[in-house]
Amino acid sequence: MINVIQGDITTLPVDAIVNAANQVMLGGGGVDGAIHRAAGKELFNACLKVPEVRPGVRCPTGEARITPGFKLPAEFVVHTVGPVYRDGQHGEPEKLANCYRNSLALAAESGCKSVAFPCISTGVYGYPIEDAAKIAVREVREFLSRAETPRRGDAAMEVVFCCFSSGDKAIYEQLLKD
Ligand code: ADP
(Lines give C-alpha, C1' and ligand atoms only; values in the text may rest on other atoms or scores of the structure.)
Protein backbone atom coordinates (compact mmCIF):
# COMPACT_ATOMS: atom_id res chain seq x y z
CA MET A 1 0.00 0.00 0.00
CA ILE A 2 1.24 3.51 -0.82
CA ASN A 3 0.14 6.67 1.01
CA VAL A 4 1.06 10.31 0.53
CA ILE A 5 1.01 12.80 3.36
CA GLN A 6 2.26 16.30 4.00
CA GLY A 7 4.17 16.73 7.23
CA ASP A 8 7.31 16.35 9.28
CA ILE A 9 8.81 12.89 8.81
CA THR A 10 10.33 12.94 12.31
CA THR A 11 6.86 12.66 13.88
CA LEU A 12 5.69 9.55 12.03
CA PRO A 13 4.98 6.37 14.01
CA VAL A 14 6.25 4.02 11.30
CA ASP A 15 8.76 1.18 11.59
CA ALA A 16 11.41 3.09 9.63
CA ILE A 17 11.90 6.59 8.30
CA VAL A 18 14.35 7.17 5.50
CA ASN A 19 16.91 9.94 5.86
CA ALA A 20 18.24 11.88 2.88
CA ALA A 21 21.75 11.76 4.32
CA ASN A 22 25.15 12.62 2.92
CA GLN A 23 28.07 10.25 2.43
CA VAL A 24 29.76 10.94 5.75
CA MET A 25 26.45 10.30 7.59
CA LEU A 26 27.05 12.67 10.48
CA GLY A 27 24.12 15.01 9.98
CA GLY A 28 23.54 18.05 7.82
CA GLY A 29 20.78 20.46 6.85
CA GLY A 30 17.23 19.85 5.70
CA VAL A 31 15.55 16.61 6.61
CA ASP A 32 18.89 15.15 7.78
CA GLY A 33 19.30 17.88 10.41
CA ALA A 34 15.67 17.52 11.52
CA ILE A 35 16.07 13.75 11.96
CA HIS A 36 19.30 14.09 13.95
CA ARG A 37 17.77 16.75 16.21
CA ALA A 38 14.66 14.67 16.88
CA ALA A 39 16.50 11.36 17.37
CA GLY A 40 19.10 12.83 19.72
CA LYS A 41 22.85 12.52 20.14
CA GLU A 42 22.67 8.73 20.16
CA LEU A 43 21.88 8.77 16.46
CA PHE A 44 25.07 10.68 15.75
CA ASN A 45 27.02 8.15 17.83
CA ALA A 46 25.39 5.21 16.01
CA CYS A 47 26.26 6.80 12.66
CA LEU A 48 29.88 7.28 13.79
CA LYS A 49 30.06 3.52 14.31
CA VAL A 50 29.04 2.76 10.73
CA PRO A 51 32.34 1.80 9.09
CA GLU A 52 33.80 4.06 6.45
CA VAL A 53 34.17 2.40 3.06
CA ARG A 54 36.78 5.04 2.20
CA PRO A 55 37.84 8.19 4.03
CA GLY A 56 34.80 10.39 4.66
CA VAL A 57 32.35 7.92 3.10
CA ARG A 58 30.13 5.73 5.26
CA CYS A 59 27.38 5.42 2.67
CA PRO A 60 28.15 5.85 -1.03
CA THR A 61 25.54 7.53 -3.22
CA GLY A 62 22.62 5.20 -3.95
CA GLU A 63 23.38 2.83 -1.07
CA ALA A 64 21.67 2.61 2.33
CA ARG A 65 22.61 1.97 5.97
CA ILE A 66 20.34 1.33 8.95
CA THR A 67 20.48 2.51 12.58
CA PRO A 68 18.01 2.57 15.45
CA GLY A 69 15.70 5.59 15.65
CA PHE A 70 16.48 6.37 19.32
CA LYS A 71 14.14 9.20 20.45
CA LEU A 72 12.08 9.07 17.24
CA PRO A 73 8.72 7.33 17.18
CA ALA A 74 10.20 5.25 14.33
CA GLU A 75 12.18 2.19 15.41
CA PHE A 76 14.77 2.58 12.64
CA VAL A 77 16.35 5.20 10.43
CA VAL A 78 17.43 4.07 6.99
CA HIS A 79 20.11 6.48 5.77
CA THR A 80 20.46 6.79 2.04
CA VAL A 81 22.42 9.24 -0.08
CA GLY A 82 20.73 10.71 -3.12
CA PRO A 83 22.63 12.06 -6.12
CA VAL A 84 23.45 15.73 -6.46
CA TYR A 85 21.55 16.79 -9.59
CA ARG A 86 23.58 18.24 -12.45
CA ASP A 87 21.62 17.82 -15.68
CA GLY A 88 20.13 14.35 -15.44
CA GLN A 89 22.82 12.99 -17.78
CA HIS A 90 25.28 11.95 -15.11
CA GLY A 91 23.63 8.81 -13.80
CA GLU A 92 21.30 10.72 -11.46
CA PRO A 93 18.12 8.75 -12.31
CA GLU A 94 19.78 5.37 -11.70
CA LYS A 95 21.39 6.57 -8.47
CA LEU A 96 18.10 7.93 -7.17
CA ALA A 97 16.34 4.67 -8.12
CA ASN A 98 19.01 2.77 -6.19
CA CYS A 99 18.24 4.85 -3.07
CA TYR A 100 14.62 3.67 -3.11
CA ARG A 101 15.48 0.06 -3.96
CA ASN A 102 18.25 -0.30 -1.41
CA SER A 103 16.33 1.50 1.35
CA LEU A 104 13.28 -0.72 0.88
CA ALA A 105 15.36 -3.89 0.76
CA LEU A 106 17.21 -2.95 3.95
CA ALA A 107 14.01 -2.00 5.79
CA ALA A 108 12.35 -5.25 4.72
CA GLU A 109 15.39 -7.25 5.86
CA SER A 110 15.01 -5.64 9.30
CA GLY A 111 11.35 -6.70 9.43
CA CYS A 112 9.85 -3.28 8.79
CA LYS A 113 6.23 -3.25 7.68
CA SER A 114 5.89 0.52 7.32
CA VAL A 115 8.46 2.86 5.82
CA ALA A 116 8.29 6.61 5.19
CA PHE A 117 10.37 8.45 2.59
CA PRO A 118 11.11 12.16 2.24
CA CYS A 119 11.54 13.57 -1.29
CA ILE A 120 15.16 12.45 -1.58
CA SER A 121 17.57 14.77 -3.46
CA THR A 122 14.91 17.40 -4.16
CA GLY A 123 16.13 19.93 -1.59
CA VAL A 124 19.72 21.12 -1.48
CA TYR A 125 20.70 18.41 -3.99
CA GLY A 126 18.51 20.08 -6.62
CA TYR A 127 16.71 17.17 -8.27
CA PRO A 128 13.56 18.44 -10.06
CA ILE A 129 10.63 17.20 -7.99
CA GLU A 130 8.52 15.93 -10.93
CA ASP A 131 11.35 13.74 -12.19
CA ALA A 132 12.35 12.56 -8.73
CA ALA A 133 8.76 11.72 -7.76
CA LYS A 134 8.29 9.65 -10.94
CA ILE A 135 11.33 7.57 -10.04
CA ALA A 136 10.20 7.22 -6.41
CA VAL A 137 6.72 6.04 -7.38
CA ARG A 138 8.03 3.66 -10.05
CA GLU A 139 10.56 2.04 -7.73
CA VAL A 140 8.19 1.68 -4.78
CA ARG A 141 5.51 0.16 -7.00
CA GLU A 142 8.04 -2.21 -8.46
CA PHE A 143 9.29 -3.24 -5.02
CA LEU A 144 5.80 -3.78 -3.62
CA SER A 145 4.70 -5.80 -6.64
CA ARG A 146 7.75 -8.04 -6.33
CA ALA A 147 7.59 -8.45 -2.57
CA GLU A 148 6.69 -11.93 -1.45
CA THR A 149 2.98 -12.48 -0.99
CA PRO A 150 2.46 -11.91 2.72
CA ARG A 151 1.78 -14.94 4.86
CA ARG A 152 -1.65 -15.21 6.37
CA GLY A 153 -1.98 -12.69 9.18
CA ASP A 154 1.06 -10.77 7.95
CA ALA A 155 0.42 -7.28 6.67
CA ALA A 156 2.02 -6.24 3.37
CA MET A 157 4.44 -3.34 3.57
CA GLU A 158 3.06 0.18 3.76
CA VAL A 159 5.13 2.90 2.12
CA VAL A 160 4.46 6.54 2.94
CA PHE A 161 5.71 9.44 0.83
CA CYS A 162 6.09 12.20 3.41
CA CYS A 163 6.16 15.52 1.57
CA PHE A 164 7.18 18.74 3.26
CA SER A 165 5.17 20.97 0.91
CA SER A 166 1.62 20.78 -0.42
CA GLY A 167 3.01 21.22 -3.95
CA ASP A 168 5.16 18.11 -3.62
CA LYS A 169 2.21 16.19 -2.21
CA ALA A 170 0.04 17.17 -5.19
CA ILE A 171 2.71 15.87 -7.58
CA TYR A 172 2.80 12.48 -5.86
CA GLU A 173 -0.99 12.26 -5.73
CA GLN A 174 -1.23 12.94 -9.45
CA LEU A 175 1.37 10.25 -10.23
CA LEU A 176 -0.38 7.72 -8.01
CA LYS A 177 -3.66 8.25 -9.89
CA ASP A 178 -2.13 6.92 -13.10
P1 ADP B 1 18.72 16.53 -0.27
O2 ADP B 1 20.07 16.98 0.21
O3 ADP B 1 18.66 15.02 -0.52
O4 ADP B 1 18.19 17.33 -1.40
P5 ADP B 1 17.06 17.99 1.70
O6 ADP B 1 16.91 17.66 3.14
O7 ADP B 1 17.71 19.27 1.33
O8 ADP B 1 17.78 16.70 1.03
O9 ADP B 1 15.62 17.95 1.03
C10 ADP B 1 14.90 16.78 0.76
C11 ADP B 1 13.42 17.02 0.99
O12 ADP B 1 13.13 16.92 2.39
C13 ADP B 1 12.91 18.39 0.56
O14 ADP B 1 11.68 18.22 -0.12
C15 ADP B 1 12.70 19.11 1.89
O16 ADP B 1 11.68 20.08 1.78
C17 ADP B 1 12.24 17.95 2.74
N18 ADP B 1 12.26 18.12 4.21
C19 ADP B 1 12.99 18.96 4.98
N20 ADP B 1 12.71 18.76 6.28
C21 ADP B 1 11.79 17.76 6.34
C22 ADP B 1 11.07 17.09 7.39
N23 ADP B 1 11.26 17.41 8.68
N24 ADP B 1 10.18 16.11 7.06
C25 ADP B 1 9.99 15.76 5.76
N26 ADP B 1 10.62 16.35 4.74
C27 ADP B 1 11.50 17.34 5.01
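Every value quoted in this text rests on a predicted model; they were computed, and no experiment measured them. Indexing begins at 1, ligand by ligand and atom by atom, following the structure's order.
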A.B. asks: Check Arg54 with Glu52, please: is the shortest side-chain N to carboxylate O separation under 4.0 Å?
C.D. replies: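 Between Arg54 and Glu52 there is no salt bridge, as every charged N stays at least 4.0 Å from the carboxylate O atoms.
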
A.B. asks: One pair to check against salt bridge (Lys or Arg N to Asp or Glu O under 4.0 Å): Arg141 and Glu139. What are the steps and the verdict?
C.D. replies: CA-CA 5 Å; Arg141 279 180 166 157; Glu139 290 304 324; over 6 Å; no

A.B. asks: Same cluster or not: are Leu175 and Leu144 linked, directly or through other Ile, Leu, Val, Met, Phe, Trp or Tyr residues, by side-chain heavy atoms under 4.5 angstrom apart?
C.D. replies: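 Both belong to a single hydrophobic cluster.
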
A.B. asks: Is it true that Asn98 and Glu63 share a donor-acceptor pair across their side chains at a distance under 3.5 Å?
C.D. replies: no

A.B. asks: At less than 3.5 Å, what protein N or O atoms come close to the N or O atoms of ligand 1? Include the distances to 0.1 Å.
C.D. replies:
{"unit_1": "ligand 1", "atom_1": "3 (O)", "unit_2": "Ser121", "atom_2": "N", "d": "2.9"}
{"unit_1": "ligand 1", "atom_1": "4 (O)", "unit_2": "Ser121", "atom_2": "O", "d": "3.4"}
{"unit_1": "ligand 1", "atom_1": "4 (O)", "unit_2": "Gly123", "atom_2": "N", "d": "2.8"}
{"unit_1": "ligand 1", "atom_1": "4 (O)", "unit_2": "Val124", "atom_2": "N", "d": "3.2"}
{"unit_1": "ligand 1", "atom_1": "4 (O)", "unit_2": "Tyr125", "atom_2": "N", "d": "3.0"}
{"unit_1": "ligand 1", "atom_1": "6 (O)", "unit_2": "Val31", "atom_2": "N", "d": "2.9"}
{"unit_1": "ligand 1", "atom_1": "7 (O)", "unit_2": "Val124", "atom_2": "N", "d": "2.9"}
{"unit_1": "ligand 1", "atom_1": "9 (O)", "unit_2": "Gly123", "atom_2": "N", "d": "3.4"}
{"unit_1": "ligand 1", "atom_1": "14 (O)", "unit_2": "Thr122", "atom_2": "OG1", "d": "3.3"}
{"unit_1": "ligand 1", "atom_1": "23 (N)", "unit_2": "Asp8", "atom_2": "OD1", "d": "2.9"}
{"unit_1": "ligand 1", "atom_1": "24 (N)", "unit_2": "Ile9", "atom_2": "N", "d": "3.0"}

A.B. asks: Can I get a per-line list of side-chain donor-acceptor pairs under 3.5 Å for residues 116-135, giving both atom names and the distance, sequence neighbours left out?
C.D. replies:
{"unit_1": "Ser121", "atom_1": "OG", "unit_2": "Pro83", "atom_2": "O", "d": "2.8"}
{"unit_1": "Thr122", "atom_1": "OG1", "unit_2": "Cys119", "atom_2": "O", "d": "2.7"}

A.B. asks: Around atom CD of Gln6, are there more than 12 heavy atoms from other residues, nucleotides or ligands closer than 6.0 Å?
C.D. replies: yes

